[in-house]
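Accompanying notes for the structure given below.
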There are 4 protein chains.
Amino acid sequence: MSTTQARGPRWERRKESRPAELLAAALEFFVERGYAATRLDEVAARAGVSKGTLYLYFPSKEDLFKAVVRETIVPQIDELRRSVDRADDDCAELLRSFFAQWWQRFGASRLGGIAKLIVAEAGNFPEVARFFQEEVIEPHSELLVAIIERGIQRGEFAPVDARLAAQLWIAPLALKAIWTNSMDALCPPEARLAPERLLQAHTEFVLAALRPQPTGAAS
Amino acid sequence: MSTTQARGPRWERRKESRPAELLAAALEFFVERGYAATRLDEVAARAGVSKGTLYLYFPSKEDLFKAVVRETIVPQIDELRRSVDRADDDCAELLRSFFAQWWQRFGASRLGGIAKLIVAEAGNFPEVARFFQEEVIEPHSELLVAIIERGIQRGEFAPVDARLAAQLWIAPLALKAIWTNSMDALCPPEARLAPERLLQAHTEFVLAALRPQPTGAAS
Amino acid sequence: MSTTQARGPRWERRKESRPAELLAAALEFFVERGYAATRLDEVAARAGVSKGTLYLYFPSKEDLFKAVVRETIVPQIDELRRSVDRADDDCAELLRSFFAQWWQRFGASRLGGIAKLIVAEAGNFPEVARFFQEEVIEPHSELLVAIIERGIQRGEFAPVDARLAAQLWIAPLALKAIWTNSMDALCPPEARLAPERLLQAHTEFVLAALRPQPTGAAS
Amino acid sequence: MSTTQARGPRWERRKESRPAELLAAALEFFVERGYAATRLDEVAARAGVSKGTLYLYFPSKEDLFKAVVRETIVPQIDELRRSVDRADDDCAELLRSFFAQWWQRFGASRLGGIAKLIVAEAGNFPEVARFFQEEVIEPHSELLVAIIERGIQRGEFAPVDARLAAQLWIAPLALKAIWTNSMDALCPPEARLAPERLLQAHTEFVLAALRPQPTGAAS
DNA sequence: GATGAATGAGTCTTCATTCAT
DNA sequence: TATGAATGAAGACTCATTCAT
C-alpha cells in the first residue's frame, strides 16, 4: 500500500544551513524592531526551528546580535577590499563608480538596516559600534579619500580637504540607507524619493563641486 | 564653613518642576540607551524622585516617551515658525544662516538625540515617527526648498531640483547630529570632526554647487 | 465693597460628619467591588475629601473596613434588641412580623451588601466574620428560634426542630439579600423577582409547614 | 528504609497534567481568599511549578480565573444535562432525588466555593457572573420548576407558583453551600449543622408544603 | 485640621536561558 | 541534535500609607 504522503519534508533541511537561516531571521527582526524588542522565540520560529535549537548555535542573544552584525558586514568588507585597487579610470568615473557601489552595498542590501541598528545600540554595545566603525565606516571613508586625493594630485579635481569632503559626501547616501530601514516604511512608496535619482543627483553635485576652477581670467 | 544642609525633609513638594525634571532625565536615558533599555526607576532616580512619583506625572512608559519627544520638539517647531518669514537678504546669506540655525537646533541641542531615537524606534512607534516627520522634517525641508527656489528665481542660484537638493544637503548635518548622539561617544573627542568646520565646509560646497554657470562666452 | 460671591460653600461642612460621609462612601465601594478592589482615593473622592483626610479618621484600610461593618451593623443590632421582647400576638402573626422586619433590615438596607462582603472576605478577615456571626446572625437566629418554640409550646405550631427550621427558613431571604447586592445588578429589573412577593410566598409556605396536623381522624 | 527519592531532576516535563494541577491550586486560593488576594506565585507554588510556568498555560490572572470557573462548572453542567430526562418516579421521589443531587454537586463539590466567588466578584466580572447565571443557576432552576409543575399536573402536589417556589426552595441548600466555603471555616466542626440533616429536613418541609390539601369533607 | 505630593513594597507579566526528554 | 517545558530574574505599574506644606 503506497501512500504518496511522505513522512517528512522532501528535502531534509541541512544542518549546515541552520545558522544562516537563524541569522537571516534575526537580521529581519533586529532591523525591524531593534535589539531589545526582538524576541528569540520569534527569531527561531521564523527560521523554522525551536527556541532551544537557537541556543545550540548561539550562546546568547548578545552573541546572536554580534554574529548578525559580523556576518552581514564581513562579506561586504571583502568585496570592498577587492575593489580598492582598481581600474585606472579618470577620477570622475572612479567617483561615480564608488557612489554606485556604495549604494549597492549599503542601500540596496541589508547593511543599511545594520547601520541603523548599530547607531541605535551604540550606547549599549560599544564594541559592536567600534567594530562597525573600524571595519566598515573607516575603510569606505579611506577609499573615498584616496579617490579624491588622487583626483586632486592629477589636477582632475579642485583642491579640497579630502577627509572633510569624504565625510560630507557619504552622508546623503548613508542617511538614505538608514531612512530606507526606518522612516520610509511609514510613507507610501510613491512619496519616497527613488534612490537612483538621489544617487545620480548627488554624484553630479559632487563632481560639480570638484570641477577645477578655470584659472586665469575669472579670478 | 557651615553648610545649612542638615538632615532635611525626606522629600520636597515640587509639583511645578517635577515634569520638566523627569523629562530631562528621561531624555538622557532614552537617547543614551534607547526606549526598551531605559528603566523607569533609573529615570526617576536621576530626577531625584521615586518610581511612584514618575507615575503621578506620566501614566506609562510609552506616554513618557511620547512626552519627551513632544516636549523636545515643540519648542523647536515654534522657533522654526518664527524664523520662516525672515529677512530679505541675498539668498546665499539666507542659506548660510539656515544651515547655521539648523545645526544650532539639531546638533547643538538634544534634538539630534531625539532624531536618533525616533529613527531607531520608528518600527515600534510609527505615530511618533510620523509626528516627527510631519512636524520637524517636512517643515525644515520646506524652508530649505523655499530658499533655494527663491535664489533660482532671482538668478542668484543655478537652476536645480530644489526638493532633491534639499534632501541631499540636509543629510550631512543630520547625520552629524545623529552621530553626535551615537557613535561619537566612542571616539576620543580629538578624533571627531569639529561640527563648526563641517558646517562651514558644507555650506561652501553647497554654495559652490549653486553658483550660476557663466552663460555664453566661457563655456 | 461687598461681593455676593462667598468665599466658601454656604454651609461649612461639619467636621463631625466627615467620618459618616467616609463610611458611607466606603460602604458603597466595598459592597460594589469588594475589599481589595476598592481604592481609597476613590472613597475619599466620593466623600468629597482628600486621601490624606481619610487617614485622619481611620488609621488604615483594614480599620476603615471594620468600621464600615461595625457602623452598618450596630444600629441594626440595637433595633433588633428592642424588638425582641415584643407583643404578645399569636405566633403566626409574630412570624409574619419577624420576616417582614428581617427583610426591612437586611434586604432593603445595606446590610445585605455587608453580608455579601463578609461572606466573600471571611477567609481574609476571620474576626470580622466572627463578629458578624455573633452579633448579627446568631441573635436573629435566636429570635426566630424563640418564636417557633413559643408557637410549639402553645400548640399553635406543629412540633419541629426549631433550630434547624430557623436556619432553613432564613435562607431564602438571606440569599435574596445577598443576590440583590450581587447578581441582580446584571439582570434587567423586570427579570428580577419582586422581594415583596418572595417575602409573602415564603411566609405562607412556612406557616403552612408549621400548621398543626389535625390529630385524630387522619393519623 | 531506603527512599528512592534522591536529588532528582530540577523539574519534570508534565505538559498534560499541568493545567489541571494549576486549576486545582487556583481554585483553592480563589475560593479561600477571593480573586484579588490570590497571588499567582502562590498558586504556582502550590501546583509545584514556578510562576513563569503558569503563564505557559494561562495568559493572565483573569484568564486563569475564568478557566477555573469554566472548568469547575462545565462538568457539572454536563452531568446535569444527563440527569434531566430521567426516571418516571412519582414526583415526591423525584424531588427528593433532585435535592440530594443538587447538594452532591454544589455542597459536596467545589461548586459552592465557586458560587461564593462569583457572588463576590459579580461586580468586577459581570460576564463571569452572567455565564454562571445562565449555565448553572437557570438550568437547575428550570429543572426544579419542571418537577414541581409535573407534580401539580398529576395532582401529586398542591398548586403553587412553581417558579417562585423553586427560587425559595433552592435557597437553603445554596446558602449552605456558600456558607460551607466561607463562614463555616470559622466554627469548630461540631458547631456546624450537618448538611445531611439540613438536606433531609428541608426536603420534608418542602414536601409538606406541597402536600395536596384534602379537598371537601375535611375542611 | 486638611491637603495632595511623594513614597516604596508588592504584583503581574515578560522573556532570555536552561535542561529533561 | 532537536525540542519545548520549565525557570527566575527583571521590569512596569499600583496603591496603601506618610508627611511637608
(message) Looking at D/T53, I'd like to know whether one of its side-chain N or O atoms comes within less than 4.0 Å of OP1 or OP2 on F/dT7.
(response) yes
(message) Rounded to whole Å, how long is the line connecting atom CG of D/D63 with atom P of E/dC12?
(response) 14 Å
(request) Answer yes or no: does a side-chain N or O of A/R39 lie under 4.0 Å from OP1 or OP2 of E/dC15? (result) yes
(message) Nearest whole Å is fine: how far is E/dA5 C1' from B/R13 CZ?
(response) 5 Å
(request) Find out whether the Lys NZ or Arg CZ of A/R18 is both under 6.0 angstrom from the six-membered ring centre of A/Y57 and within 45° of the ring's axis. (result) no
(message) Strictly below 4.0 Å: does A/K61 bring a side-chain N or O up to OP1 or OP2 of E/dA16?
(response) yes
(request) Specify the residue among D/S60 and B/K15 whose closest nucleotide of DNA chain E lies further upstream toward the 5′ end. (result) B/K15
(message) Could you tell me how far apart D/K51 (NZ) and E/dT11 (C1') are, to the nearest whole angstrom?
(response) 8 Å
(request) Would you kindly compare C/L40 and D/L56 by the position of their nearest DNA chain F nucleotide and give the one closer to the 5′ end? (result) D/L56
(request) Answer yes or no: does a side-chain N or O of C/Y55 lie under 4.0 Å from OP1 or OP2 of E/dG4? (result) no
(request) Take D/G52 and B/L54, find for each the nucleotide of DNA chain E with the closest heavy atom, and name the residue whose nucleotide sits nearer the 5' end. (result) B/L54
(request) Measure from CG on A/L64 to P on E/dA16 and round the result to the nearest Å. (result) 10 Å
(message) What is the distance, to the nearest angstrom, from the CH2 atom on B/W11 to the C1' atom on F/dT17?
(response) 11 Å
(request) Examine distances only and state if a side-chain atom of A/D63 and a backbone atom of A/F58 form a donor-acceptor pair shorter than 3.5 Å. (result) no
(request) Give a yes or no on whether a salt bridge exists between A/E135 and A/R70, defined as a side-chain N under 4.0 angstrom from a carboxylate O. (result) no
(message) Could you tell me how far apart B/E12 (CD) and E/dT7 (P) are, to the nearest whole angstrom?
(response) 11 Å
(message) Between the side chains of B/R130 and B/E127, is the shortest nitrogen-to-carboxylate-oxygen separation below 4.0 Å, so that they form an ion pair?
(response) no
(request) Let me know the distance between CZ of C/F58 and C1' of F/dT18, rounded to the nearest Å. (result) 18 Å
(request) Output yes when at least one side-chain N/O atom of D/R18 is less than 4.0 Å from OP1 or OP2 of F/dA5, else no. (result) no
(message) Tell me the interatomic distance from C/N124, atom CG, to F/dA16, atom P, rounded to whole angstroms.
(response) 15 Å
(message) Between D/R110 and D/E28 (salt bridge meaning N to carboxylate O under 4.0 Å), is one present in this structure?
(response) yes
(request) Inspect the contact between B/K66 and B/E62 and indicate whether a charged nitrogen and a carboxylate oxygen are less than 4.0 angstrom apart. (result) yes
(message) Between A/K116 and A/E121 (salt bridge meaning N to carboxylate O under 4.0 Å), is one present in this structure?
(response) no
(request) Verify the contact: side-chain N or O of A/Y57 to OP1 or OP2 of F/dA2, cut-off strictly under 4.0 Å; return yes or no. (result) yes
(message) Given a 3.5 Å cut-off on both pairing distances, which stems involving DNA chain E, each at least three consecutive Watson-Crick or G-U pairs, are present, if any?
(response) E:2-21 with F:2-21
(request) Could you pull out the closest heavy-atom pair between A/A26 and A/V68, with the gap in Å? (result) CB-CG2, 3.6 Å
(request) Return no unless some side-chain N or O of D/R14 is found under 4.0 Å from OP1 or OP2 of E/dA20. (result) no
